[in-house]
Amino acid sequence: MASFTLTDLGNKSGEVVEAAFGGPVDITKRGKRKFVLLTAEQFDRLAGRSTQRTHRAEDLTGEERDEFLAGLDAIVRDDGQDD
């Protein structure tokens, strides 16, 4: 895990933020961990919140099912073009 001081956070904020895109970043003060910087997505995952929606196939309308299947077909066709 990357680690930066509070001073680094002020002086090298771009570097600290960039490191957070790769995973949690410890922020220390006088050698002791005080904070952990996370992306919003990382935090939501830890908090049990997700921006993804899930559906049961049985609950889809006919139109939704057709759109879903068409999307799957498009993915399969795209994957086959890389061969």
Side-chain angles (χ1 to χ4, degrees):
M1 179 182 305
S3 182
F4 293 88
T5 66
L6 275 173
T7 302
D8 291 336
L9 184 59
N11 295 335
K12 303 176 183 178
S13 60
E15 186 179 336
V16 175
V17 168
E18 189 65 32
F21 283 113
V25 174
D26 281 337
I27 306 295
T28 63
K29 182 177 181 179
R30 296 190 177 119
K32 294 187 179 186
R33 189 169 93 167
K34 296 293 182 180
F35 304 96
V36 178
L37 180 64
L38 307 167
T39 63
E41 182 180 312
Q42 292 164 346
F43 176 79
D44 287 343
R45 224 179 9 254
L46 285 173
R49 296 183 281 199
S50 176
T51 57
Q52 295 179 346
R53 296 183 344 180
T54 58
H55 300 278
R56 291 176 24 167
E58 303 85 44
D59 296 336
L60 296 174
T61 66
E63 182 180 337
E64 290 170 332
R65 186 186 64 246
D66 292 344
E67 288 179 25
F68 178 74
L69 292 174
L72 288 177
D73 286 341
I75 291 169
V76 170
R77 281 192 304 274
D78 287 345
D79 283 348
Q81 292 180 3
D82 292 339
D83 293 338

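Positions are given from 1, in the same order as the sequence printed here.
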Checklist entry - A20 and T39: which non-hydrogen atoms are nearest, and at how many Å? => result O-CG2, 3.5 Å
Checklist entry - What about L38 and F35, same hydrophobic cluster or not, with Ile/Leu/Val/Met/Phe/Trp/Tyr joined at side-chain heavy-atom distances under 4.5 Å? => result no
Item to check | Set of side-chain hydrogen bond (donor to acceptor under 3.5 Å, both in side chains) partners for E41, sequence neighbours left out | outcome: R45
Could you go through residues 4-12 and list every donor-acceptor pair under 3.5 Å that involves a side-chain atom there, pairing it with any protein atom two or more places apart or in another chain?
from	atom 1	to	atom 2	distance (Å)
T5	OG1	T7	N	3.4
T5	OG1	D8	N	2.9
T5	OG1	D8	OD2	3.3
D8	OD2	T5	N	3.0

Checklist entry - Which heavy-atom pair separates A19 from V25 by the least distance, and what is that distance? => result C-CG2, 3.7 Å
Checklist entry - side chain to side chain donor-acceptor pair (under 3.5 Å): which pairs involve residues 16-34, sequence neighbours left out? => result D26-R33
